[in-house]
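Below: one structure, written as structure tokens.
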Amino acid sequence: MESRLQKLEALRDSLMQRLERYHQHQKRADGPLDPDFAEQAVEVQNDEVVEALEEEGRDRLIQVNHALARIQQDAGDICERCQGAISAGRLSALPEATLCADCASSEQ
Ligand SMILES: [Zn+2]
């Protein structure tokens, strides 16, 4: 079975690739905006979607890197807030978790 570290590294790589694609989109690597107004409106809407996705991806990447750093400090399965153990089930469902389920739910 894939270890948590392998999962996190795979997640980090795919997030970085995704962010690079969004970045290319925002730079208009595939040409200038369509001169037709209706098309342009759709493009702008897409931009907003891509921007939201990019932000979400960036936040997740930060969390993934944070979890990787915690693992390197041998604290990968210790809750950052209460210092309790993060359950194996939670870590397998959410490899980038650095809070136990209780602390994570009280944070929202
Ligand atoms: Zn906790």
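Given the structure is predicted, the values throughout are model-derived calculations rather than measurements. These values consider heavy atoms only, across backbone and side chains, with no hydrogens, waters or symmetry-generated copies. We count ligands from 1, going down the list as the structure has it; atoms in each ligand are counted the same way. Residue indices begin at 1 and follow the sequence shown.
Counting non-hydrogen atoms of neighbouring residues, nucleotides and ligands closer than 6.0 angstrom, the NE2 atom of His66 exceeds 12 such neighbours.
In this structure, Gln45 and Val49 have side chains that are not in contact, with every pair of non-hydrogen atoms separated by 4.5 Å or more.
Around the Zn ion (ligand 1), the protein contributes the following N, O or S atoms at distances under 2.8 Å: Cys79 SG, Cys82 SG, Cys100 SG, Cys103 SG.
The pair Glu54-Arg58 counts as a salt bridge, with a side-chain nitrogen and a carboxylate oxygen less than 4.0 angstrom apart.
In this structure a side-chain-to-backbone donor-acceptor pair under 3.5 Å is missing from Arg4 to Leu94.
With 3.5 Å as the limit, one finds no donor-acceptor pair spanning the side chains of Thr98 and Arg81.
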| said: Checking Cys100 against Cys82 for the side-chain contact (heavy atoms from CB on, under 4.5 Å) test, could you report, in this order, the C-alpha distance in whole Å, the side-chain angles of both residues, the deciding distance, and whether it holds? | reply: CA-CA 8 Å; Cys100 71; Cys82 71; 3.8 Å; yes
